[in-house]
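Throughout, a chain's letter reflects where its sequence line sits, starting with A, and its residues are numbered from 1.
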Number of protein chains: 2
Amino acid sequence: MTSDKIDRMGRWEPDAAGRLREAAMALYAERGYDGTTVAEIADRAGVTARTFFRHFADKREVLFAGSEQLERHMVEALAAAPADASPMEAVTAAVLATAEFFDDIRRDYSRRRAAVITSTPELRERELIKMATLTTSLTDGLLERGVAPDVAALAAETGVAVFRVSFERWIAAPDDVPIADVIQATLKTLAGLTA
Amino acid sequence: MTSDKIDRMGRWEPDAAGRLREAAMALYAERGYDGTTVAEIADRAGVTARTFFRHFADKREVLFAGSEQLERHMVEALAAAPADASPMEAVTAAVLATAEFFDDIRRDYSRRRAAVITSTPELRERELIKMATLTTSLTDGLLERGVAPDVAALAAETGVAVFRVSFERWIAAPDDVPIADVIQATLKTLAGLTA
DNA sequence: CCAGGTGATGTCATTGACTGACATCACCGA
DNA sequence: TCGGTGATGTCAGTCAATGACATCACCTGG
């Protein structure tokens, strides 16, 4: 636990959570989720396993750390939509607000992360419940806008679907395509389906 | 490991998996999922913990044992639908086919099971992935019927949604309401929404 | 400048989920 | 009767997760 840097920068190297996130992604990508132990992640991050669990509830959560923030951001964008916006317009605003999170820098991380998640059942479970939680939050947000319950649920579900599909497409797209464009394209596809 | 019955009925009491299922449900309902250990479940079923894991992949799976069978049944019903049935008609047939699994006898078990699942995040995760798998299977079934990919995905998603909502309503309904009736009612609600 | 509080971490011990390897032994078929 | 088979038990081990307690740089009030 003693490196030159640590002694120079205060008691501990700052941003343990960030180091743990990076270490986890690197190891998951390299050896797979099952082939990686929490102790190894902690080692690479220069902390102990106990500290890992102080920052993340479990071994899966380290890959979903940003999701509460993303969700909060979407809910805020939903609430910030004009009062006279239709439910779907408000949801669209929320989905488009995710663009601020997924710039070109995050794309590479997102790709590796997605690869690990899709190849690990345990992580797919976690992702599903995150999406379900997001759906619930958006539904609640719509209800607060005075949207009827049935409509709110459907709009939220649709919005999350659009986000999921767009995210996948964005990951697969060339490096210079911004996610906002992909979302717009997905919305256009949706419009074509319902028409 | 030696009871009178065992000695009389062959080397082991038959249906260890069934006993484990019942023991697990009883203990989960009584002490909660987290408050129950696999060793306790195994004890109550008259086997060892090692045997538990020979029958079920993990502590969660014991509550989802019948799901592959249900899924297979639905996919078969989907395939058995008339060739000229619309995608949604075929999916409806699949959903209605679940009625054979959920009779009055299963209702009580289903209620207790649902109570445990909704109050345990880990189990909700597992349920979500089961539903996702079901959706994929139904989508594949529709594709084999020659349905267009986009339509197939949407129809499957809708069908699973109808199943989920109906199942919840059935559990909450009086004891003499068959699930088939609830499903029909849900379908009617859906028709009203889209109209 | 010092004492005490605070927060992030380390250390240790423990529980419990899950797995692999090997042993057992009633049953069944040749 | 004998050997194979299958379901189980036993044992040892790994690893995720948690609680209790110690440490110690840093900050703040006096």
Side-chain angles (χ1 to χ4, degrees), chain A residues 1-21 23-25 27-28 30-65 116 120-123 125-126 129, chain B residues 1-24 27-28 30-65 116 120-123 125-126 129:
Chain A
M1 265 341 58
T2 52
S3 83
D4 327 58
K5 263 186 188 167
I6 287 177
D7 294 337
R8 211 181 322 129
M9 304 193 57
R11 185 164 189 190
W12 294 288
E13 191 84 21
D15 193 24
R19 266 151 43 223
L20 284 165
R21 245 195 310 277
M25 249 318 303
L27 289 171
Y28 290 169
E30 185 183 324
R31 316 179 187 176
Y33 175 82
D34 290 323
T36 305
T37 71
V38 171
E40 290 168 344
I41 298 170
D43 268 357
R44 182 186 275 232
V47 295
T48 63
R50 192 65 184 84
T51 292
F52 178 95
F53 289 109
R54 287 201 177 93
H55 286 278
F56 306 102
D58 58 47
K59 194 184 167 187
R60 299 156 215 94
E61 200 63 17
V62 68
L63 283 191
F64 298 90
V116 174
T120 312
E122 275 186 76
L123 294 175
E125 285 186 344
R126 182 56 53 89
I129 207 168
Chain B
M1 271 338 62
T2 50
S3 82
D4 328 57
K5 263 187 189 166
I6 288 176
D7 295 336
R8 212 181 320 130
M9 303 194 57
R11 184 163 190 192
W12 295 287
E13 191 85 21
D15 194 23
R19 265 152 42 224
L20 284 165
R21 245 195 309 275
E22 284 175 30
L27 289 171
Y28 289 170
E30 186 182 325
R31 315 178 188 177
Y33 175 83
D34 291 324
T36 305
T37 70
V38 171
E40 289 168 346
I41 298 170
D43 268 358
R44 181 185 274 231
V47 295
T48 63
R50 191 68 183 81
T51 292
F52 177 95
F53 290 110
R54 287 201 178 94
H55 286 279
F56 306 102
D58 57 48
K59 194 184 166 186
R60 300 158 214 87
E61 200 62 16
V62 68
L63 283 190
F64 298 90
V116 174
T120 312
E122 275 186 77
L123 295 174
E125 285 187 346
R126 181 59 50 88
I129 208 167

Legend entry - Nucleic acid contacts - residues 49-64 of chain A versus DNA chain C, non-hydrogen atoms under 4.0 Å: R50(A), T51(A), R54(A), H55(A)
Please list, chain by chain and in numerical order, all residues satisfying ring-ring contact (aromatic ring centres under 6.0 Å, His included) with [X], sequence neighbours excluded.
X: F53(B); answer: none
X: Y33(A); answer: Y28(A)
X: F56(B); answer: F52(B)

Could you tell me the separation between the [atom1] atom of [X] and the [atom2] atom of [N], rounded to a whole number of Å?
X: E122(A); N: dC15(D); atom1: CD; atom2: P; value: 15 Å
X: R126(A); N: dA16(D); atom1: CZ; atom2: P; value: 14 Å
X: D43(B); N: dG9(D); atom1: CG; atom2: C1'; value: 13 Å
X: Y33(B); N: dA17(D); atom1: OH; atom2: C1'; value: 13 Å
X: E40(B); N: dT15(C); atom1: CD; atom2: C1'; value: 12 Å
X: D34(A); N: dT14(D); atom1: CG; atom2: P; value: 17 Å

For [X], give me all partners under salt bridge (Lys or Arg N to Asp or Glu O under 4.0 Å), at least two apart in sequence or on another chain.
X: R21(A); answer: none
X: R60(B); answer: D58(B), E122(B)
X: D15(B); answer: none

Inset, instruction - Please name the pair of heavy atoms, one in A16(A) and one in H55(A), separated by the smallest distance, quoted to 0.1 Å. - result: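 Looks like CB-NE2, 3.8 Å.
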Report, one line per pair, each donor and acceptor closer than 3.5 Å where one atom sits in a side chain of residues 38-47 of chain B; sequence neighbours left out.
residue	atom	partner	partner atom	Å
E40(B)	OE1	R31(B)	NH1	3.1
E40(B)	OE1	T37(B)	N	3.0
E40(B)	OE2	R31(B)	NH1	3.1

N/O to N/O distances under 3.5 Å, protein versus nucleotides 3-6 of chain D:
residue	atom	partner	partner atom	Å
dG6(D)	N2	R11(B)	NH1	3.3

Inset, instruction - Look at T48(A) and dG10(C) and indicate whether a side-chain polar atom (N or O) is within less than 4.0 Å of OP1 or OP2. - result: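 The answer is yes; a side-chain N or O of T48(A) sits under 4.0 Å from OP1 or OP2.
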